[in-house]
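In what follows, a single structure is set out as structure tokens and then discussed.
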Amino acid sequence: MRFGIVRFPASNCEQDVAHAVTYLGHDYTYIWHQDTDLQGVDAVVLPGGFSYGDYLRCGAVARFSPIMGEVQRFADGGRPVLGICNGFQILTEAHLLEGALLRNRGLKFICRDVPLTVEASCDWLDLPKGTQISLPINHNEGNFVCDADVLERLRANDQVILRYAGEAPNGALDNIAGICNEKRNVFGLMPHPERVVDPLSGNTDGQSFFTAIAAMMQEIGA
Amino acid sequence: MSIINDLSADVAPELAQELGLKLDEYEHILEILHRTPTVTELYMFSLMWSEHCSYKHSRKYLRLFPSEGEHVLQGPGENAGVISVGDGWAVAFKMESHNHPSAIEPYQGAATGVGGIIRDIFTMGARPIACLDSLRFGSLEHPRQRYLFEGAVAGIGGYGNCLGVPTVGGEVYFDDAYEGNCLINAMAIGLMREENLTLATASGVGNKLVLIGSTTGRDGIGGASVLASQEFDEGAESKRPAVQVGDPFEEKLLIEACLELLHKNLLVGLGDLGAAGLTSSASEMASRGGVGLDIDVTTIPQRELEMKPFEIMVSESQERMLSVVVPENLDEVLEICERWGLLATVIGEVTDTGNFVVRAGDEVHAEIPALCLADDAPIYDPAMSRPAYIDEKAAFDVALVKKPDTVQELGKTLVNLLASPNICSRRWIWEQYDHQVMCNTAVLPGSDAAVIRIGNTGRGEMTNHAIAVSSDCNGRYVYLNPGRGAQIALAEAARNVTCAGGEPAAITDCLNFGSPEKPEVYWTFYESVKNLAEACKVFGLPVISGNVSFYNESFGEPIYPTPVVGLVGLLDDVEQRCTMHFKDAGDTIILVGETDDELGGSEYLSVQHGIAAGEIPALDLELEIAVQDAVRAGIREGIVKSAHDCSEGGIGIALAESCIAGNIGANVALDDELEATSSLFSETQSRIVVTVANGDVERLLDILSADNVPYSVLGEVGGDRLIIENKIDLSVAEMAEPFNSSLEKLVAGE
């Protein structure tokens with residue numbers, strides 16, 4: 001099982017994702033944003049960070065990186081694409097996911113563990129609906145918004161995968177913390193599951209994210 | 001080629017004076033050059049010989065610090081010190097001030113402070129793995145202080161978060177003494193393999209000087225001399241243009257590109273452009289290598305039009321690095337920089353003349369022996385005199401203040417202290433910092449010391465080793481007793497690291513004082529340094545890097561003398577880390593050390609009575625070391641379940657904090673026979689509150705007795721109230737609410 005982790009300039013969680021997948025016994029390949037070859041990886045991860053400094057809207061520049069054309073094709077082919085934090089922002093900018101991420105309500109960067117509820121499953125996460133988990137968030141722009149039509153569609157299609165339990169720390173619409181696309185193979189979320197895979201953090205709630213996809217891919221391979 | 005003589009002999013001294021050079025310094029320049037200096041040369045000298053760059057008022061006594069030890073790979077004199085942490089791994093660390101820029105423009109001042117210290121770390125070949133920030137402001141009752149505090153925290157977060165370097169610790173104090181001159185001290189720690197240790201040295205005649213990173217503008221011109229080496233007065237606001245603006249995106253690219261260049265052995269030397277810009281990094285690299293440099297300023301990419309050679313040479317534009325490259329490697333270096341989207345330009349080369357030559361094409365604007373610029377600054381031995389206030393303040397009789405004596409009054413006092421600015425939870429701050437990135441933070445902020453596992457996550461280079469880090473300094477103590485106060489700063493930093501399970505290994509320091517030209521201020525500096533050095537020797541702790549920040553004054557009033565100590569300790573096994581929170585009901589609570597009646601200089605006196613006076617707590621270094629060794633032994637044996645040092649607010653606050661953090665109560669009795677207020681809030685040093693499971697009590701008491709460490713068994717963990725017999729009876733919830741919410745309310749001006 002080989003994960004392709006895309007490095008944009010000023011991505012800064014790529015080593016965290018690499019650590020998580022190697023901890024769980026998988027391989028990874030870093031993929032440079034200027035490349036146009038996904039090198040045969042089984043799944044693509046857009047990691048957290050501040051691509052291009054995020055001086056413009058977060059992810060607005062990264063979506064034009066040469067590699068994003070390949071990511072688009074990979075996703076169109078039904079292969080799994082995960083965007084974490086800045087990766088989620090890039091996926092919305094690239095229209096692989098709907099909605100947008102605004103500045104946090106309260107206008108402050110927030111780094112803390114938050115309680116979340118699993119609302120549905122996707123290729124990346126097969127915990128039963130209603131499961132309570134705790135994951136760290138670490139962002140300045142996690143305030144999810146979309147128009148009413150999109151929200152209705154997201155709900156109707158069970159595309160809302162994760163919701164903040166209780167009040168959303170960043171003001172996200174409908175407490176949305178993570179969504180997938182209609183085909184359920186592209187998943188974006190603001191929390192960082194990769195940071196809570198290694199038990200050093202005192203929490204292993206992130207493990208189920210990566211084991212789910214690996215198991216599924218193995219089935220496909222077999 | 002000939003020197004451009006753009007100054008006449010009668011104008012030059014005037015410009016020299018304007019730039020802050022003293023008359024004898026100007027005359028020394030004439031002796032070095034045997035001619036009238038040019039404008040460019042005067043600017044270069046004025047910056048390199050400024051207090052900030054030359055340490056001319058502190059150098060003599062900094063030599064008192066021990067700098068060698070079993071772990072030390074690189075002591076002071078480089079961009080950062082380096083210690084070995086086992087198995088071929090090493091950490092580089094240093095602390096530096098960015099006080100004056102932050103007092104004018106807090107966001108950018110603090111942000112570029114982080115940027116500067118991070119560059120010092122990766123310049124050594126180390127990947128930055130942690131930051132700590134030591135902050136001081138005036139009272140949050142004043143809107144301007146809230147603006148400075150909020151801006152500085154946002155700036156630290158805004159810069160550090162983008163870099164992907166976790167900010168894991170630090171401290172903040174609020175006191176009127178810092179109202180006109182806040183302190184922003186940033187400490188960074190980096191990790192490397194020992195063989196990757198790189199020095200900022202230029203060598204190899206004919207090698208190319210390659211400037212990497214941002215373009216050069218007029219920002220920050222004179223930062224080191226105008227801002228850092230003068231006191232504040234009414235004109236401070238007008239100095240705003242001398243504050244640099246940070247670009248963390250560029251810095252992140254610099255980190256990645258420079259580490260790649262270093263690890264591929266493509267660089268001969270690397271230095272960062274900090275205070276005094278290119279002048280400083282180039283002359284220091286030349287001086288260390290014993291070579292000359294020839295730089296053509298017209299080759300340097302500029303972001304503004306018609307910049308003069310002197311402006312280019314002293315610009316403090318951020319995010320720039322100077323590297324030395326052998327000609328054969330030049331193409332590969334330029335190619336790697338381009339891949340990272342960084343400008344890289346050949347701006348000159350290494351020569352055998354020993355002279356630092358600055359040209360604009362064929363016109364020579366400066367020709368100075370590099371050694372003189374970097375190392376020939378005068379060394380002063382300023383006058384000193386013991387300030388009269390020391391005895392007056394020490395004579396204050398704490399017995400005169402009215403103290404609470406009922407359980408209700410004592411409870412109110414404890415809650416009030418828990419909510420006070422210097423004791424309440426710092427969560428509001430560290431939740432604005434990414435403190436987890438890199439997946440190595442094993443003990444998060446909020447405990448006594450942060451613990452960071454050693455290893456490169458994601459590169460398959462993991463170890464079980466870890467470091468514990470803390471920074472400390474109670475400025476009020478140092479004000480009341482500069483010598484002992486400085487020693488307590490070290491003792492507390494070591495105690496904090498010990499509580500996390502770390503064995504203190506080395507320190508960095510950031511010595512913040514007023515004007516060294518005032519004998520009374522200088523005496524406090526001398527006393528602090530001399531006593532800190534002595535304590536370091538007793539602890540066996542080398543000082544491997546550091547920074548001095550003088551002229552921290554506003555309107556003639558100096559800050560509290562504030563020698564901040566940043567300490568790094570080692571854990572062989574990260575699983576042996578310890579935290580401060582109470583764990584399980586039934587665990588036995590033991591006080592290691594004993595409490596004396598020492599309310600002088602305490603947080604209790606300050607918060608409840610508005611008094612900063614009295615004799616500060618005694619410090620017995622031998623006892624301190626014995627207490628720490630015993631507690632560490634207990635942690636390593638795996639029997640100590642929590643450890644928390646008693647500092648500001650005494651054992652009353654320490655017990656409350658361990659309850660709040662563990663969300664569990666405790667039932668204890670203090671048998672020190674002191675009156676209640678002293679018993680609870682006395683700040684006697686060398687005390688640590690630990691818990692052990694019942695079955696391990698005897699074993700811990702054996703360890704303590706074997707080393708003749710005083711202790712008392714206080715009681716046990718459990719319930720949802722903190723009950724201190726005859727003194728305190730409060731629910732954990734009624735302590736937690738004010739403790740956790742206070743800072744946010746203070747910032748909001750509530």
Side-chain angles (χ1 to χ4, degrees), chain A residues 3 5 7-23 27-28 30 32-35 47-56 58 61 65 85-86 104 106-114 135-140 169 192 194-203 206, chain B residues 127 150 153-154 156-167 247-257 338-342 427-445 451-453 455-462 464 466 574-575 577 579 744 747:
Chain A
F3 291 75
I5 305 168
R7 298 182 87 188
F8 298 96
S11 288
N12 66 25
C13 297
E14 71 273 27
Q15 81 281 354
D16 295 9
V17 176
H19 180 57
V21 301
T22 47
Y23 185 86
D27 291 334
Y28 70 90
Y30 283 139
W32 188 237
H33 69 111
Q34 283 171 332
D35 291 347
F50 290 68
S51 54
Y52 290 93
D54 280 345
Y55 292 136
L56 204 56
C58 302
V61 181
S65 280
C85 197
N86 194 219
N104 294 343
L107 306 180
K108 288 213 169 3
F109 190 95
I110 309 171
C111 181
R112 77 165 79 116
D113 289 352
V114 295
L135 297 177
I137 57 166
N138 185 68
H139 59 245
N140 204 27
H192 287 266
E194 80 280 14
R195 292 188 178 187
V196 283
V197 167
D198 183 342
L200 184 83
S201 64
N203 177 358
Chain B
R127 174 170 289 277
E150 224 175 339
V153 169
I156 289 166
Y159 205 99
N161 294 345
C162 180
L163 298 184
V165 179
T167 299
D247 176 358
F249 173 57
E250 185 85 0
E251 178 112 335
K252 171 67 174 165
L253 301 179
L254 273 179
I255 295 176
E256 301 302 335
E338 193 188 341
R339 185 156 49 77
W340 283 105
L342 289 167
R427 182 178 291 271
W428 180 87
I429 303 175
W430 53 261
E431 282 194 346
Q432 295 182 55
Y433 302 153
D434 184 347
H435 46 266
Q436 300 167 314
V437 65
M438 292 184 157
C439 295
N440 282 321
T441 311
V443 173
L444 301 182
V451 175
I452 315 287
R453 178 175 57 189
N456 276 326
T457 43
R459 291 179 185 78
E461 303 170 329
M462 301 305 303
N464 285 328
V574 68
E575 294 307 324
R577 65 191 183 274
T579 51
E744 191 169 355
V747 173

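In the text below, chain A, chain B and the rest are named by the order of the sequence lines, each starting its count at 1.
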> What part of B:Val574 gets closer than 4.5 Å to chain A, counting heavy atoms only: side chain, backbone, both or neither?
Replying inline: side chain

> Side chain, backbone, both or neither: which part of A:Asp16 has a non-hydrogen atom closer than 4.5 Å to chain B?
Replying inline: both

> Which answer fits B:Glu251, side chain, backbone, both or neither, if we ask what part of it has an atom under 4.5 Å from a heavy atom of chain A?
Replying inline: neither

> Looking at B:Asn161, B:Asn440, B:Val443, which one has more heavy-atom pairs under 4.5 Å with chain A than the rest?
Replying inline: B:Asn161

>> I'd like to know if A:Arg7 and B:Glu256 make a salt bridge, using a cut-off of under 4.0 Å between side-chain N and carboxylate O.
In response: yes

> Side chain, backbone, both or neither: which part of B:Arg453 has an atom under 4.5 Å from a heavy atom of chain A?
Replying inline: side chain

> Any side-chain heavy atom of A:Val196 within less than 4.5 Å of one from A:Leu135?
Replying inline: yes

>> Given heavy-atom pairs under 4.5 angstrom as the criterion, report whether the side chain, backbone, both or neither of A:Asp113 touches chain B.
In response: side chain

> Quick one: what part of A:Gln34 sits under 4.5 Å from any heavy atom of chain B, side chain, backbone, both or neither?
Replying inline: side chain

> Heavy-atom distance under 4.5 Å to chain A: side chain of B:Asn456, backbone, both or neither?
Replying inline: neither

>> What I want to find out is whether B:Lys252 reaches B:Asp247 closely enough, with some N-O distance under 4.0 Å, to be called a salt bridge.
In response: no

> After noting the C-alpha distance and the side-chain angles of A:Lys108 and B:Glu150, does the key distance pass the salt bridge (charged side-chain N to carboxylate O under 4.0 Å, His left out) rule?
Replying inline: CA-CA 10 Å; A:Lys108 288 213 169 3; B:Glu150 224 175 339; 2.9 Å; yes

> For B:Leu163, is it the side chain, the backbone, both, or neither that has a heavy atom closer than 4.5 Å to a heavy atom of chain A?
Replying inline: backbone

>> Students often mix this up, so state it plainly: with edges at 30° and 60°, are the rings of A:Tyr52 and B:Phe249 parallel, tilted or perpendicular?
In response: tilted

>> Taking every non-hydrogen pair under 4.5 Å, which of A:Ser51, A:Cys13, A:Pro136, A:Gly48 racks up the most with chain B?
In response: A:Pro136

>> If you define the side chain from C-beta out and look only at heavy atoms, does anything of B:Gln436 sit under 4.5 Å from B:Pro166?
In response: no

>> Would you say that A:Pro169 contacts A:Ile137 through its side chain, given a criterion of any heavy-atom pair below 4.5 Å between the two side chains?
In response: yes

>> At a 4.5 Å cut-off on heavy atoms, which part of B:Glu461 comes close to chain A: side chain, backbone, both, or neither?
In response: neither

>> Let's test your reading of the structure: which of A:Tyr23, A:Phe50, A:Tyr28 forms the most heavy-atom pairs below 4.5 Å with chain B?
In response: A:Phe50

> Less than 4.5 Å apart, any side-chain heavy atom of B:Cys162 and any of A:Asn12?
Replying inline: no

